[in-house]
There are 2 protein chains.
Amino acid sequence: MRKTDRLATIRDVAALAGVSVGTASKALNGRGTLRAETRERVREAADRLGFEANAAARTLKAGRTYTVGMITTDSIGRFSIPLMLGAEDALGAGQMSVLLCDARDDPIREQYYLRTLLTRRVDGIIVTGRRAQARAPLAPDLPVPVVYAFISSTDPGDCSVIPDEAGGAAKAVEHLQAIGRRRIAHVTGPEHHESAIGRAAAVADSLVRPPLYGEWSEAWGRQAAALLLADGTDFDAVFAGSDQIARGVVDTLRGAGRRVPEDVAVIGFDNWDVMVSASQPPLSSVDMDLDGLGRSAANLLLAAINGEPAPGRHVRPCRLVLRGSTSI
Amino acid sequence: MRKTDRLATIRDVAALAGVSVGTASKALNGRGTLRAETRERVREAADRLGFEANAAARTLKAGRTYTVGMITTDSIGRFSIPLMLGAEDALGAGQMSVLLCDARDDPIREQYYLRTLLTRRVDGIIVTGRRAQARAPLAPDLPVPVVYAFISSTDPGDCSVIPDEAGGAAKAVEHLQAIGRRRIAHVTGPEHHESAIGRAAAVADSLVRPPLYGEWSEAWGRQAAALLLADGTDFDAVFAGSDQIARGVVDTLRGAGRRVPEDVAVIGFDNWDVMVSASQPPLSSVDMDLDGLGRSAANLLLAAINGEPAPGRHVRPCRLVLRGSTSI
DNA sequence: TTGAAAGCGCTAACAG
DNA sequence: CTGTTAGCGCTTTCAA
């Protein structure tokens, strides 16, 4: 970068190169037909001045900002981040920048950000959130394409990309069965939480007893495991609704002398590195591929921006990652 | 938001209201002297058309974008997030938007993003990263103000906001001493890691034995605790370099029959909610106030944008959060 | 092969 | 009190 104080304009470049601004523009953008020597001279001048074309001016002319807005409805957290990174990655490859908006569960903030994004004429908007759940559309009839990622829109005409949580849960239980477990317990989050419900429903038929609903915390995992031990449930596997729960379960089981995975195999959900690797033994877990979800969302958005919208709910598979808690 | 397909321009508004664009502009921005009735009529027209002023046009005129770039040098992670949120919060209050750039430890990416931000004529840039460490400046002589947050710039003339890690460490040890502990061990991260070194140096005089350096992981915490138990060190407190390490320490101590905090008091570092609350007992920990750091950085950037730069390293205090692992 | 000029949407200075 | 006009920086016809 050069040491200018005011950023150079194309007029400065043109002047320094001794050409008109039109010529300078062509030279810098490889348009039109210019003498190679002229082109070179302009490039050099631009270099010397540390010239960077003013995006606002370009936008004004082109009607495109090459910017998308990313709104996280609830605060940015563990789930939104990989999503955002995936999206940012895919968008960056297409030279798009990302405007970050953290609405923090506040509808007022959300609408404020929406207006900001509209004012800035973003080419599109990605909406994401902390939990995989349907939410009301951002606003009716927006003049730019919108893609919902992780969360989905209640309007089926909107474009949403969501993980196949039920499928992931099924995979977990199928694996437990494949390693010979038949008495599977399920410990998961709150009964009013869509993810907890959906995953539980997907595995209900294979459970040795009704799911235990509680919080998404290690403490609940410990509590639930104690409960299972206390009430005499005969179980040889636990499918946990989150890695935190799984870890609590594992700790308590081992504390009570049950071997993991020999006596009880355990599978978590989220594949959260910190949890799965700190657990003893390391946790097998269901990975929702948030990164891929974000990338998908970004690509769907890019397609929509280019006039090829793909409305509807796009469901992406989860994958099972196996570690010590299910393999001996 | 209205159902237009192309966003309305001020000319549409003016036409609908039956006034000139100049008048419309004044009406919408509360400038000049207009009849109240006219003002109202224009406002209504704007409303009906769902008009949002084009930011690019404004930018072109005003020379300001009301946008700042946020570059995370290493990938966005646990430390950058609260920072970013704090900054975004402070900036949002000033109507500034944030362009997110994740450079992922890749200098090429970083320079690419820098150019993007310059092209977009951001009013300023915040640079942040995963670890509190000095780094080379983004580039020499940038035409916009830059503030480094959490990480700092090796150029003392740059503006950096960093946590007082040494102070935080001192606080931790002072508290341990205040509750009567005299034989304090220190288990921390890699010996080549600035944070580990700085914190260890700050407490060296109060330690019962040289610090144990290892990884920033629970596994290392467990290992180190086992080591302390095995080599016969007589200790009644452990100051851990991270909450993860602390948690590993606690688990192993309890497993070996030492009571926490009765026999050994433990303090962690980072005050990472997931860790401190899942630990049994909950962990006392040093909080670097990343959120406040981000807010500070944003405010320093805003000041610099307004022509009042505050170069140099700004050190912000850590605070000790007390929980069960140090109080009986 | 190059230059001149119009115009993207908006604001502000100046006329009327 | 309102309208006209110039100009922010750039790209893109259209002429020369």
Side-chain angles (χ1 to χ4, degrees), chain A residues 4 6-43 45-46 49-67 95 115-116 118-123 143, chain B residues 4 6-43 45-46 49-67 95 115-116 118-123 143:
Chain A
T4 30
R6 176 184 64 88
L7 240 28
T9 75
I10 199 168
R11 293 168 55 153
D12 301 328
V13 175
L16 181 56
V19 299
S20 73
V21 289
T23 302
S25 171
K26 285 170 212 155
L28 293 171
N29 296 299
R31 301 274 157 77
T33 48
L34 298 184
R35 234 180 333 152
E37 190 270 332
T38 309
R39 215 175 274 280
E40 192 45 39
R41 196 149 35 89
V42 173
R43 288 234 169 88
L49 297 173
F51 171 77
E52 300 284 350
N54 184 320
R58 279 199 163 145
T59 285
L60 209 49
K61 189 113 240 299
R64 277 199 60 177
T65 52
Y66 292 91
T67 305
Q95 310 270 70
R115 292 196 43 178
T116 305
L118 257 23
T119 290
R120 289 174 185 268
R121 297 294 190 274
V122 294
D123 297 335
Chain B
T4 29
R6 175 185 66 87
L7 241 28
T9 74
I10 200 167
R11 293 168 56 154
D12 302 327
V13 175
L16 180 56
V19 298
S20 72
V21 288
T23 302
S25 172
K26 284 170 215 155
L28 294 171
N29 296 298
R31 302 274 157 75
T33 48
L34 298 184
R35 231 178 338 150
E37 190 271 330
T38 310
R39 216 177 273 280
E40 191 45 40
R41 195 148 37 89
V42 173
R43 289 234 169 88
L49 296 173
F51 170 78
E52 300 283 350
N54 184 319
R58 280 200 164 145
T59 286
L60 208 50
K61 187 113 242 295
R64 276 199 60 178
T65 52
Y66 292 91
T67 304
Q95 311 271 68
R115 292 197 43 180
T116 303
L118 257 23
T119 290
R120 289 175 185 268
R121 299 295 191 272
V122 293
D123 297 333

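Reminder, nothing fancy here: chain letters follow the sequence lines and each chain counts from 1.
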Asks: Pick the nucleotide of DNA chain D nearest each of B/Arg35 and A/Gly22; which residue has the one closer to the 5' end?
Replies: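 Nearest nucleotide further toward 5': that of B/Arg35.
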Asks: Would you mind classifying the nucleic acid contact of A/Thr9 as base, sugar-phosphate or nothing, using non-hydrogen atoms under 4.0 angstrom?
Replies: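 Result for A/Thr9 = sugar-phosphate.
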Asks: Closest nucleotide of DNA chain C for B/Leu60 versus for B/Thr23: which of these residues is on the 5' side?
Replies: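 Upstream on the strand: B/Leu60.
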Asks: Using a 3.5 Å distance criterion without hydrogens, assess whether the side chain of B/Asn54 forms a donor-acceptor pair with backbone atoms of B/Ala56.
Replies: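 Yes.
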Asks: What nucleotide among D/dT2, C/dT11, D/dC10 has an atom nearest to a side-chain atom of B/Leu34?
Replies: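 Nearest listed nucleotide: D/dT2.
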Asks: Roughly, in whole Å, what's the span from CZ in B/Arg11 to P in C/dG9?
Replies: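 Taking atom P of C/dG9 as the reference, CZ of B/Arg11 is at 7 Å.
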Asks: OG1/B/Thr9 to CZ/B/Phe51 distance, rounded to the nearest 0.5 angstrom?
Replies: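 Atom-to-atom, B/Thr9:OG1 and B/Phe51:CZ are 7.0 Å apart.
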Asks: Between C1' on D/dC14 and CZ on A/Arg31, what's the gap in Å once rounded to a whole number?
Replies: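 Whole-Å distance recorded here is 17 Å.
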Asks: Could you state the atom-to-atom distance from CZ of B/Arg121 to C1' of D/dC10 in whole Å?
Replies: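 Computing the B/Arg121:CZ to D/dC10:C1' distance gives 11 Å.
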Asks: Rounded to whole angstroms, how far apart are CZ on B/Arg64 and P on D/dG9?
Replies: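 To the nearest whole Å, that distance equals 16 Å.
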Asks: Separation of B/Leu28 atom CG from C/dG9 atom C1', in whole Å?
Replies: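 It is 13 Å, rounded to the nearest whole Å.
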Asks: Which pair of non-hydrogen atoms, one from A/Thr23 and one from A/Thr38, has the smallest distance, and what is that distance?
Replies: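 The pair with the smallest heavy-atom distance is CG2-CG2, 4.1 Å.
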Asks: Determine yes or no for a side-chain-to-main-chain donor-acceptor pair under 3.5 angstrom, with B/Thr119 supplying the side chain and B/Arg115 the backbone.
Replies: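 Looks like yes, one N/O pair under 3.5 Å.
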Asks: Given that B/Val21 and A/Glu37 both sit by DNA chain C, which one's nearest nucleotide is further toward the 5' end?
Replies: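 The residue mapped nearer the 5' terminus is A/Glu37.
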Asks: Taking CG from A/Asn29 and P from D/dC10, how many angstroms apart are they, rounded to a whole number?
Replies: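 Spelled out: CG on A/Asn29 to P on D/dC10 is 10 Å.
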Asks: Here's a test of your reading of the structure: between A/Lys26 and A/Ile10, which maps to the more 5' nucleotide of DNA chain D?
Replies: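 Comparing both residues, the 5'-ward one is A/Ile10.
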Asks: Whether the side chain of B/Arg41 engages the backbone of B/Ala17 through a donor-acceptor N/O pair (distance < 3.5 Å, no angle test) should be reported.
Replies: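 A pair under 3.5 Å: yes.
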Asks: Mind listing the closest non-hydrogen atom pair of B/Arg39 and B/Gly32 along with its distance?
Replies: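 Closest heavy-atom pair between B/Arg39 and B/Gly32: NH2-O, 3.5 Å.
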Asks: Looking across every strand, which nucleic acid part, if any, lies under 4.0 Å from B/Thr38 by heavy atom: base, sugar-phosphate, or nothing?
Replies: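 Sugar-phosphate contact only - B/Thr38 comes under 4.0 Å of backbone atoms but never of a base.
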Asks: How about A/Thr67 and A/Arg120: do any of their side-chain heavy atoms sit closer than 4.5 Å?
Replies: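 Of all side-chain heavy-atom pairs linking A/Arg120 with A/Thr67, none is under 4.5 Å.
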Asks: Whole-Å distance between C/dC10 P and B/Lys61 NZ?
Replies: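 Distance, rounded to whole Å: 13 Å.
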Asks: Quick one: bend of the helix from C/dT1-D/dA16 to C/dG16-D/dC1 from 5 pairs per end, to 10°?
Replies: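 One end's axis against the other's: 50°.
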Asks: Grab the CZ-C1' distance between A/Phe51 and D/dT11 for me, whole Å please.
Replies: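 Those two atoms, CZ and C1', are 11 Å apart.
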